[in-house]
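For reference, the structure discussed in these notes is given below.
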Amino acid sequence: MKIEKELVAASSVPLVLSILAEDDNYGYAIIQRVKELSGGKIEWTDGMLYPVLHWLEDQRLVRSRWTKSESGRKRKYYSLQPDGRKALRQQKEQWTIVTSTLNQLWRPQHA
Amino acid sequence: MHNLDKLIADWRKTMRAAPKLNHETLDELENHLRESVDQLVRSGMTEPEAFRHAVAQLGGAPAIGAEFQKLEHRTWLPVRVVIGIVVTAALALAILLLRRLDAGQSSFLLASHVFTVAVGYTTTLLVGALGICFVGQRCFSEFSLVRVRSLTRVTFTLGCVAAGLTAVGVILGMVWAKAEWGRFWAWDVKETGGFAVIVWQASFLFAHRLACGSARGILVMSVLGNIVVSLGWFGTNLLSGLHDYKGLLLLAVVVVNFAFFLLGLAPAGWLRGSRVS
């Protein structure tokens, strides 16, 4: 089962911030990490990640830098900034409230 | 040219059709495409197949461009107000001076001097007003990078307009003074005030160049322009006919502007915590 695109869009910011909280990363690898963690169920149109990354940078939640990989290819790495950590904490709280509310509603006795 | 390079060069051409995709973003997307193609080739696809698959997965120029378009900000309200005031003030002053010219109360040279200097000074004051709005809003929330960059461009353009008009106005004034009083420059209070404003405007533009587009300091600094222009323009009038209440008003202008300048040095969002979306 694939996740609907509205939900994919809504979860893109917490997903990206959470992946960058693990370590600095670049666009392609961020998408691969999401695919790997979701077992391929969360699928982005790859190009849609970049406006999200640029928006996060505009909001000063992440910062970017170009570096060269071992293969000599240029990559734009993103790293989480202090405001980004704060935003991630807020996102975690909000998503926890949503999931815990749904979990309570979806307990077997309510089903 | 290698086949993949040719395919990617053609792809870049089609992507350039989207107005919001700049060179750096295209580099980033191209890098993504190449990573994706490499991965697909490793999984057994031929290079052209892998390229087609990777392009489809990346998405088309219109869709990506539309997403980037959403990042664009509408022009900040104070910028629209300031530009409106500059244009209105210039038009009103032009009409007033044309009437005086018509009535024979002024010479063309003097009217041109008054117009250019007054609009130059007013524009500098309005750049300072933008600085005050910036400082005021920044007390509650940080500005986005895109907005700060756009404000930097606006203040630089307005700063150039102000400096150009003031410089032309001062030169016209010198020519008029030579014709009327037999000398170009005598360091009287108005001339000294004008000189101070020009020095300020030049310093402001120079600071813009030094700041290389990172503009928080520039916008905070612009508030000081209000003090220089107020003293250079109205302070000199006071010296020639001092009234206590006007002196106090000028002092209040200086104090308030300096207070805003100091506020601009405080961290963003100090009154309500930094904005986090």
Side-chain angles (χ1 to χ4, degrees), chain A residues 5 9-10 12-14 16-17 25-33 35-36 40 43-69 71-78 80-94, chain B residues 8 11 14-15 18 20-40 42-43 53-73 138 141-150 214 216 267-269 273-277:
Chain A
K5 67 176 184 184
S12 60
V13 168
V16 171
L17 291 177
N25 223 326
Y26 59 100
Y28 181 77
I30 291 172
I31 286 173
Q32 295 310 308
R33 182 90 178 111
K35 274 187 193 157
E36 172 200 323
E43 210 170 84
W44 287 335
T45 304
D46 293 3
M48 297 305 155
L49 170 69
Y50 292 93
V52 175
L53 285 168
H54 287 215
W55 180 81
L56 291 172
E57 189 175 18
D58 182 36
Q59 299 297 306
R60 302 161 194 262
L61 304 183
V62 304
R63 183 181 283 174
S64 70
R65 67 179 190 284
W66 284 96
T67 55
K68 252 188 182 166
S69 66
S71 59
R73 184 169 290 161
K74 267 173 70 185
R75 283 177 180 157
K76 194 176 183 184
Y77 272 85
Y78 292 86
L80 200 60
Q81 295 301 294
D83 276 354
R85 289 188 196 285
K86 222 183 283 178
L88 178 57
R89 276 199 297 277
Q90 289 180 357
Q91 289 274 348
K92 273 184 188 168
E93 283 168 20
Q94 291 170 21
Chain B
I8 286 181
W11 167 83
T14 61
M15 294 300 279
K20 300 299 166 191
L21 299 182
N22 61 29
H23 186 75
E24 192 184 334
T25 306
L26 278 179
D27 283 350
E28 197 178 10
L29 292 172
E30 179 185 328
N31 174 56
H32 181 104
L33 198 60
R34 287 182 182 275
E35 301 262 7
S36 195
V37 169
D38 284 354
Q39 180 62 38
L40 292 167
R42 277 199 296 276
S43 70
H53 197 278
V55 166
Q57 181 59 31
L58 188 65
I64 299 175
E67 287 302 311
F68 274 103
Q69 183 118 39
K70 290 179 191 166
L71 297 179
E72 294 285 308
H73 294 270
R138 197 171 164 275
S141 61
E142 179 60 291
F143 277 72
S144 76
L145 286 177
V146 170
R147 177 143 285 165
V148 170
R149 279 191 207 117
S150 109
S214 73
R216 181 175 75 87
S274 294
R275 179 183 58 173
V276 171
S277 302

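The shown structure was predicted, so the numbers you read here are calculated from the model rather than taken from an experiment.
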Task: Structural part of E24(B) lying under 4.5 Å from a heavy atom of chain A - done: both
Task: Distance in Å, N31(B) CG paired with K74(A) NZ, rounded so as to fall on 0.5 Å steps - done: 9.0 Å
Open item on the list: Taking atom NZ as the centre, does K5(A) end up with more than 12 heavy-atom neighbours from other residues, nucleotides or ligands that are less than 6.0 angstrom away?
Closed with: no
Open item on the list: On a heavy-atom basis, which atom in I64(B) and which in G47(A) lie closest, and how many Å separate them?
Closed with: CD1-CA, 3.8 Å
Task: Close side-chain approach of E67(B) and T45(A), heavy atoms under 4.5 Å - done: no
TODO: Please examine the side chains of Y28(A) and Q39(B), heavy atoms only from C-beta on, and report whether any two atoms are closer than 4.5 Å.
DONE: yes
Task: Nearest non-hydrogen partners of A63(B) and M48(A), listed with the distance - done: CB-CE, 3.5 Å
Open item on the list: Using 0.5 Å steps for rounding, measure from the NE2 atom of H54(A) to the CG atom of N22(B).
Closed with: 7.5 Å
Task: Any side-chain heavy-atom pair of R75(A) and E35(B) under 4.5 Å - done: yes
- [ ] List the steps, then state whether side-chain contact (heavy atoms from CB on, under 4.5 Å) holds for T25(B) with K76(A).
- [x] CA-CA 10 Å; T25(B) 306; K76(A) 194 176 183 184; over 6 Å; no
TODO: Rounded to the nearest 0.5 Å, what's the gap from CD on E28(B) to CH2 on W66(A)? Could you check?
DONE: 5.5 Å
- [ ] Please check if the distance between the ring centroids of H32(B) and Y50(A) is under 6.0 Å.
- [x] yes
- [ ] Please flag which part of I31(A) lies under 4.5 Å from any non-hydrogen atom of chain B: side chain, backbone, both or neither.
- [x] side chain
- [ ] Kindly check if the number of other-residue, nucleotide or ligand heavy atoms within 6.0 Å of CZ (R63(A)) is above 12?
- [x] no
TODO: Check each atom of R60(A) against the heavy atoms of chain B and say whether the ones under 4.5 Å are side chain, backbone, both or neither.
DONE: side chain
